[in-house]
Number of protein chains: 2
Amino acid sequence: MSATELEKVITVVTNEQLQKLKENMPPEEYLYDLAELFKVFGDSTRIRIMFALLDKEVCVNDIAEALNMTLSAVSHQLNILKRSKLVKGRREGKSVYYSLDDEHVREIISCGMEHIEE
Amino acid sequence: MSATELEKVITVVTNEQLQKLKENMPPEEYLYDLAELFKVFGDSTRIRIMFALLDKEVCVNDIAEALNMTLSAVSHQLNILKRSKLVKGRREGKSVYYSLDDEHVREIISCGMEHIEE
DNA sequence: ATAACACTTGAACAACTGTTCAACTTTCAT
DNA sequence: ATGAAAGTTGAACAGTTGTTCAAGTGTTAT
């Protein structure tokens, strides 16, 4: 077998691997949703809000005070978290109390913590 | 106890909770790093690259072909992933083969998948 | 030495994102 | 009813980010 023939064989093998790589890829939309979820965790304000809610529900005003932020800024971020089904809110009088809406929040955060603690 | 006195007591209790909330917050820098990590996962291109590397190492060219992207765009994203210690690369001849640099990548991705599969 | 392949890198541009500001709404106390 | 407290919402602005393009670096084959 000549050198150029061998190269052809190698190319074919490589193409087969490439083919497999493409086939094994989850659907585009799935990967997009996954990235979209992590994007929500990818902001320190939202991370801080989720940490504030780890133990118990907290009203918007207290979150804003604890994080030294305006009500408006916190409300905007809570809305993003709510749309991603990560937190939920309930009204009680004048206040709206927010809490984590999913056990996965704790898991995802603790997964990330393991990586940076090294 | 009058209504206004009662309110003062309630305010004090609330302030204590606020104080605890502030004290229990991890240091600012830690939360920033955590958000920074998730930010890396929060892009569908980088997610796709990490999925491509789940099974075995792949060279930049093959990643680019599999994901239908330019070499340059893939290289830029690989660099971001490398800086976050999520992938590593090794040169073999003309090609550079990249692979996952941390078992946490799989864990974090699978954590995220659990949330969106519901 | 030259050319070709496989990347890498920096600048630039468009698109996206988070905060602020101002204008609401809701609820409660007077 | 009026006002105050607690939130929400939309527009706007500045800052960030991903891709492209052009120019570079290594490596191998001729």
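Letters A, B, ... mirror the listed sequences (proteins, then strands); counts begin at 1. The basis for the numbers below is simple: all heavy atoms, side chains too, and nothing from hydrogens, waters or symmetry mates.
- Nearest-nucleotide mapping onto DNA chain C: of B:K82 and A:R46, the residue sitting toward the 5' end is B:K82.
- Here D:dG10 presents its P atom at 13 Å from CD1 of A:I80, a figure rounded to the nearest Å.
- Contact check for B:L37 versus B:I108: side-chain heavy atoms found under the 4.5 Å cut-off.
- Smallest separation of non-hydrogen atoms from B:S99 and B:E57: CB-CB, 3.8 Å.
- Of all nucleotides listed (D:dA6, D:dT9, D:dT19), D:dT19 comes nearest to the side chain of B:A73.
- Taking only side-chain nitrogens and oxygens, A:S75 never comes nearer than 4.0 Å to OP1 or OP2 of D:dT9.
- Judged by closest nucleotide on DNA chain D, A:V96 is the one of A:V96 and A:H76 placed further toward the 5' end.
- In this structure, the CD atom of A:E57 is 12 Å from the P atom of D:dG7, given to the nearest Å.
- Counting to the nearest Å, the P atom of D:dT19 and the CD1 atom of B:I63 are 14 Å from each other.
- Residue A:L71 contributes atom CG, which lies 14 Å from atom P of C:dC21 at whole-angstrom precision.
- Here D:dT19 presents its P atom at 10 Å from CG of B:L67, a figure rounded to the nearest Å.
- The minimum heavy-atom distance between A:L54 and A:R106, with the atom names listed, is O-NH2, 2.6 Å.
- Remark: B:K20 does not engage B:E23 in a salt bridge, criterion side-chain N to carboxylate O under 4.0 Å.
- The phosphate of C:dA6 (OP1 or OP2) has no side-chain N or O of B:R91 nearer than 4.0 angstrom.
- With A:S95 contributing its side chain and A:R91 its backbone, the two residues share no donor-acceptor pair below 3.5 Å.
- Within residues 26-43 of chain A, the residues that have a heavy atom under 4.0 Å from DNA chain C are, in order of number, A:K39, A:D43.
- Within the 4.0 Å cut-off from OP1 or OP2 of D:dA5, not a single side-chain nitrogen or oxygen of A:S95 is found.
- Of the candidate nucleotides D:dG7, C:dC7, D:dT9, D:dG7 has the atom lying nearest to any side-chain atom of A:N61.
- Put simply, A:S72 has no side-chain N or O that comes within less than 4.0 Å of OP1 or OP2 on C:dT20.
- Between B:Q77 and D:dT19 there is a side-chain N or O to OP1 or OP2 distance below 4.0 Å.
- Distances shown here put a side-chain N or O of A:Y98 below 4.0 Å from the OP1 or OP2 atom of D:dT8.
- When the P atom of D:dG18 is taken as reference, atom CG of B:N68 falls 20 Å away, rounded to whole Å.
- Taken from CZ in A:F38 to CD1 in B:I47, the straight-line distance is 5.5 Å, to the nearest 0.5 Å.
- B:R48 places no side-chain N or O within 3.5 Å of a backbone atom of A:L31 that could act as its donor or acceptor partner.
- Within the 4.5 Å cutoff, no side-chain heavy atoms of B:T70 are placed close to those of B:V74.
- Side-chain nitrogen and oxygen atoms of B:T70 include at least one within less than 4.0 Å of the OP1 or OP2 phosphate oxygen of D:dT20.
- Between B:I47 atom CD1 and D:dT17 atom P there is a gap of 17 Å when expressed in whole angstrom units.
- The side chain of B:K94 lies closest to D:dG26 when the candidates are C:dT19, D:dG26, C:dT9.
- Side-chain proximity of A:M69 to the nucleotides C:dT19, D:dG7, D:dG18 is greatest for C:dT19.
- Protein atom CZ of A:R90 is 14 Å distant from nucleotide atom P of C:dT27, rounded to whole Å.
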